[in-house]
Amino acid sequence: MQPRSDQRVGLAYGVAAYTMWGLLPLYWHLLGAASASEILAHRMAWSLPVAVVILAVLRRWSWIGPLLRQPRRLGLILVCALVISANWFLYIWAVNAGHVLEASLGYFINPLVSIAFGVLFLRERLRPLQWVAVGIGALAVVVMTIAYGKVPWIALGLAFSFATYGLVKKGVKLDGIEGFSAETAMQLLPALGYLVFLALHGESSFTTGGVGQALLLAGCGVATAVPLICFGASAMRLPLTMIGMLQYLAPTFQFVLGLTAFHERMPAERWAGFALVWAALTVLTWDALRTARRGRAALAAAAARAGEASATGAVQAAEADRVTEADRVTEADRAAAEAAAAAQSAGAPAAPPRPPGLTG
């Protein structure tokens, strides 16, 4: 179990990570003069230098050589890079096109899609309440589709792309900063090629938008890497159940921003859809907390049984030692008595009686 002070530090890192992710719409909105594709390219291009600096500070280079000799893992990293690029592009476009609320809905739905992927692809077994949560989430999508007359494709695109990213990363098996570095290394050349293309055609806001715009675009790498670093520090210190609850902070911030900062409409049918999703997440969270509590209780009971068994074993071992010592003393006394009797029958003086318990 992590020390309480360490958990407090982990909680602070986790809140910082998800708060920054939740406030990212404000940052992308500042870059509204640039197209979503240009912002994405800058995010890819500037993320790798930030990752290299972090790796240099941590001196974590040993993973690169073995990775380059494993084509299958490199292929999975390429898939991760493609899927997360699609996720980033859709999110940036949604924010700058005035769909922050639907983007937040996507990240509310994401845990439910991840659970469904676990059943479909990893053959995981769901508990009854998890099935209930997934069912309510599916109902929310149906309600919003009927109410709007169209599928909420932005929310579903974000949810399914990020769930796919998480699923593929399970096969990569690299820590946060290593995986991030490998993915951005694969994104770098296409991103640089696109940025050069924009500059040559006079369509780059990096070169035409002034110093402020250029600095904001260059800061995309920091805006991408810093929350990831905080998340990694949090994940090392907190149990998964707490991480699972913290993940709802980001879409909650996005939802509030959509209502207050971007003044998006929230008609009754959208409230109904969000209410169903929140109900599903409430069921999911309650089930996770209950399961974790039962797991801790079972672990404590097992530890108590192990302690009792150890104590019983110690008592039995001590009793066995006492019986063995008593038998040894009795045997020695018997041998001494027999020797004395033999000496007397031979006419020799008998040896003085031995004090009980002495041997040798």
Side-chain angles (χ1 to χ4, degrees), residues 20-56 74-75 77-104 106-107 153-158 160-162 164-165 168 177 179-229 250 254 257-258 261-262 264:
M20 284 186 277
W21 277 326
L23 296 179
L24 266 182
L26 295 175
Y27 193 88
W28 305 140
H29 189 68
L30 291 175
L31 295 168
S35 66
S37 56
E38 183 182 2
I39 296 172
L40 173 66
H42 278 285
R43 187 175 189 181
M44 294 157 129
W46 292 104
S47 290
L48 184 59
V50 175
V52 169
V53 170
I54 297 169
L55 289 174
L74 288 172
I77 291 172
L78 177 59
V79 173
C80 284
L82 292 173
V83 173
I84 200 62
S85 297
N87 179 271
W88 288 355
F89 174 79
L90 182 57
Y91 182 63
I92 294 168
W93 177 86
V95 168
N96 288 345
H99 300 290
V100 177
L101 286 176
E102 191 169 341
S104 73
Y107 288 108
W153 66 270
I154 296 174
L156 292 178
L158 289 171
F160 275 84
S161 61
F162 201 76
T164 302
Y165 176 69
V168 178
I177 185 59
F180 176 69
S181 302
E183 291 159 19
T184 52
M186 291 188 173
Q187 293 170 331
L188 180 64
L189 289 180
L192 287 178
Y194 182 70
L195 292 175
V196 170
F197 172 83
L198 290 179
L200 291 176
H201 288 76
E203 299 175 6
S204 171
S205 65
F206 184 82
T207 57
T208 62
V211 176
Q213 180 78 352
L215 290 176
L216 284 172
L217 287 169
C220 288
V222 176
T224 301
V226 171
L228 180 68
I229 296 167
Q254 294 162 14
L257 287 176
F262 300 103
E264 293 186 24

Q) Relative to each other, are the rings of F197 and H201 parallel, tilted or perpendicular (30° and 60° limits)? A) tilted

Q. Do the side chains of E183 and Y165 get nearer than 4.5 Å, heavy atoms only?
A. yes

Q: Kindly indicate, with the supporting measurements, whether the criterion side chain to side chain contact (heavy atoms under 4.5 Å, CB included) is fulfilled by I229 and F180.
A: CA-CA 10 Å; I229 296 167; F180 176 69; over 6 Å; no

Q | Side chains of F206 and Q213 in contact at under 4.5 Å (non-hydrogen atoms) | A | no

Q) How are the rings of W46 and H42 set to each other: parallel, tilted or perpendicular (split at 30° and 60°)? A) parallel

Q) Rounded to the nearest 0.5 Å, what separation is found between the OG atom of S161 and the CG atom of N87? A) 3.5 Å

**Q.** Note, L228 side chain near T224 side chain (heavy atom, < 4.5 Å)
**A.** no

(Q) Let's go through S47 and Q187 carefully: what are the C-alpha distance in whole Å and the side-chain angles of both, what is the deciding distance for side-chain hydrogen bond (donor to acceptor under 3.5 Å, both in side chains) to 0.1 Å, and is it a yes or a no? (A) CA-CA 9 Å; S47 290; Q187 293 170 331; 5.8 Å; no

Q) Say you draw a straight line from CD1 of I84 to OG1 of T184; how long is it, rounded to the nearest 0.5 Å? A) 12.0 Å

Q | Those residues that, when tested against W88, pass ring-ring contact (aromatic ring centres under 6.0 Å, His included) (two or more places apart) | A | none

Q: Please round to the nearest 0.5 Å and tell me the distance separating atom CG of L90 and atom CD of E102.
A: 9.0 Å

**Q.** Side-chain heavy atoms of I154 within contact of W93, under 4.5 Å
**A.** yes

